[in-house]
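Taking it in order: structure first as structure tokens, then the write-up.
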Amino acid sequence: MTDNTPQNSPTPLVPLTLLGLGDMGTALARTWLAAGHPLTVWNRTAAKAEALAAEGAVVAASPAEAVAANRLVVVCLLDDASVGSALDGADLTGKDLVNLTTGTPAEGRARAAWAKARGARFADGGIMATPTMIGAPESGGYVFYSGSRALFDTHRAALEVPAGARFVGEDPGHAALHDVALLSAMTGLFAGISHAYALIEGEDIAPKDLSPLLSEWLGAMGFFVGNAAERLTSRDFTTGVESNLAMQVAASGTLLRTAEDQGVSAELISPYLDLMRRRLTADPAAHGGEDTVGAITMLKR
Ligand code: FVH
């Protein structure tokens, strides 16, 4: 007798709900739809859902209706306050709530407690990608997740559709903390690059000619990331130092005088130079021979 039972019938893809169809929410929605996930969406400004409806999304009339449609509920709104107001009145009992809205670690922890009190499992997410990097694995974009490990494990396949997923612990504040740490480092990097371009403005040096030199130099200086991690772990700021703090502080005068001569405000670089100087003047004998990593210890209040 022939067995006609399909041997490899595909596992149905998890249906999910997405609240928020801004630039990021819309990009996320398109990847789930393209992958074949049944998707229910809601957005405060309903017109933003029209294109997605044409692509197969079910459009809910309210956040409560959208939440009721599926167990997995993803939220990607402007800020934590908009998450609170959108979900106010929705029944979260038994739901798996994933918050991809950028927030502080404290907001992530408070939102986790808030969700738990309403009967939901919760994971917070920090998106390390711009909208065009979503659904483009080659871009290297990914999302930090923290909070309920069980939720993350249950929905990992769906969460990995828009971008890579990195779980960074059960403290629901840690996704935001990783996110903000990386964004803060990026801010300092952008500040330094901005200062460098300002220095050459009005000179016979084209930005496009400085550009590859900057990229190359910043790549070479990337060693500082690992160097800082090792020294902060060992608390050894003096062994094998190549460019010590006393020299760096002396050299900072050149940076400041050049900015002055070029008519450029030093506001983007002076806070870091000031920090190094404070570290040195606190105890020149003890800190002069240190790596600049030692100055990091001055920041914690
Ligand atoms: N776009 C980016 O490059 C970054 C990449 C890293 C992660 N961020 C964060 O993602 C969240 C959403 O960002 P977005 O790019 O989608 O932002 P917008 O295009 O401005 O859309 C905002 C959505 O939030 C809705 N909204 C705002 N206030 C409320 C509210 N009080 N109640 C309900 N919804 C609200 C807004 O609705 P509408 O204006 O269309 O009616 C949009 O859906 C964000 O945390 C980024 O930091 C993005």
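All heavy atoms count here, side chains included; hydrogens, waters and symmetry mates do not. Note that ligands are numbered from 1 as they come in the structure, with each ligand's atoms numbered from 1 the same way.
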Check your understanding: For atom 16 (O) of ligand 1, what is the nearest protein heavy atom, given as residue, atom name and distance?
Key -> Met24 N, 2.9 Å
Practice item. Do me a favour and list the nearest non-hydrogen protein atom to atom 41 (O) of ligand 1 with residue, atom name and distance? Key: Thr45 OG1, 2.5 Å
Exercise for review: For the pair Thr17 and Arg71, evaluate side-chain hydrogen bond (donor to acceptor under 3.5 Å, both in side chains) and give the outcome as yes or no after the intermediate values.
Suggested key: CA-CA 8 Å; Thr17 285; Arg71 176 175 163 194; over 6 Å; no
Practice item. Could you tell me the residue and atom name of the protein heavy atom closest to atom 20 (O) of ligand 1, and the distance to it rounded to 0.1 Å? Key: Leu78 CD1, 3.9 Å
Practice item. Would you check, one step at a time, whether the test side-chain hydrogen bond (donor to acceptor under 3.5 Å, both in side chains) holds for Asp261 with Thr258? Key: CA-CA 5 Å; Asp261 293 347; Thr258 303; 5.5 Å; no
Check your understanding: If we only count N/O pairs under 3.5 Å, is Thr130 in contact with ligand 1?
Key -> no
Review point. Rounded to the nearest 0.5 Å, how far apart are CG of Leu159 and OG1 of Thr154?
Key: 9.5 Å
Practice item. Would you indicate which of Met133, Arg44, Met128 comes nearest to atom 39 (O) of ligand 1 when only heavy atoms are counted? Key: Arg44
Review point. Of all the atoms in ligand 1, which lie at a distance below 4.0 Å from a heavy atom belonging to Gly25?
Key: 16 (O)
**Study point:** Gly22-ligand 1 polar pair, N/O distance under 3.5 Å
**Key:** yes
Review point. Would one find an N or O of Leu100, backbone or side chain, under 3.5 Å from an N or O of ligand 1?
Key: no
Revision key, fill the gap. So for Leu21 against ligand 1, with non-hydrogen atoms under 4.0 Å, the contacting part is backbone
Exercise for review: May I ask you to list the atoms of ligand 1 that are less than 4.0 angstrom from any heavy atom of Thr101?
Suggested key: 45 (O)
Exercise for review: With Arg231 as the cation and Phe237 as the aromatic partner, state whether NZ or CZ is under 6.0 Å from the six-membered ring centre and within 45° of the axis.
Suggested key: no
Check your understanding: What atoms in ligand 1 come closer than 4.0 Å to a heavy atom of Cys76?
Key -> 10 (O), 11 (C), 12 (C)
Practice item. Please work out whether any backbone atom (N, CA, C, O) or any side-chain heavy atom from C-beta onward of Asp23 is under 4.0 Å from ligand 1, and answer side chain, backbone, both or neither. Key: both
Exercise for review: Provide the number and element of each atom of ligand 1 under 4.0 Å from a heavy atom of Pro131.
Suggested key: 1 (N), 2 (C), 3 (O)
Practice item. Say whether Asn227 and Asp291, considering side chains only, have a donor N or O and an acceptor N or O under 3.5 Å apart. Key: yes
Contacts under 3.5 angstrom, residues 177-185 side chains, donor-acceptor by atom type, not counting sequence neighbours:
residue: His178; atom: ND1; partner: His174; partner atom: O; Å: 2.7
residue: Ser184; atom: OG; partner: Val180; partner atom: O; Å: 2.7

Review point. So which protein heavy atom does atom 43 (O) of ligand 1 come closest to, and at what separation?
Key: Asn43 OD1, 2.6 Å
Point to revise | Atoms in ligand 1 flagged as close to Thr102, the criterion being non-hydrogen separation under 4.0 Å | key: 7 (C), 8 (N), 9 (C), 45 (O), 46 (C), 47 (O)
Point to revise | Close N or O approach (Lys48, ligand 1; < 3.5 Å) | key: yes
Revision key, fill the gap. What one should report as the nearest heavy-atom pair of Leu28 and Thr31 is O-OG1, 2.7 Å
Check your understanding: How far is atom 44 (C) of ligand 1 from its nearest protein heavy atom, and which residue and atom name does that atom have?
Key -> Leu77 O, 3.2 Å
Check your understanding: Taking NZ, NE, NH1 and NH2 as the nitrogens, is one of them in Arg111 or Asp124 under 4.0 Å from a carboxylate oxygen of the other?
Key -> no
Exercise for review: Might you work through the salt bridge (charged side-chain N to carboxylate O under 4.0 Å, His left out) test for Arg156 and Asp153, ending with a clear yes or no?
Suggested key: CA-CA 5 Å; Arg156 182 171 194 148; Asp153 289 343; 5.1 Å; no
Exercise for review: Could you establish whether Ala129 and ligand 1 come within less than 4.0 Å of each other, counting only heavy atoms on the residue side?
Suggested key: yes
Review point. Just which atoms of ligand 1 are under 4.0 Å from any heavy atom in Ile127?
Key: 6 (C), 7 (C)
Point to revise | Cation-pi, Phe167 ring and Arg149 (6.0 angstrom, 45 degrees) | key: yes
Check your understanding: Closest approach of Ser146 and Ala175, non-hydrogen atoms and distance?
Key -> OG-N, 2.9 Å
**Study point:** Atom indices of ligand 1 within 4.0 angstrom of Ser85 heavy atoms, with elements
**Key:** 31 (N), 32 (N)
Practice item. List the steps, then state whether side-chain hydrogen bond (donor to acceptor under 3.5 Å, both in side chains) holds for Gln262 with Glu201. Key: CA-CA 9 Å; Gln262 295 298 106; Glu201 280 231 299; over 6 Å; no
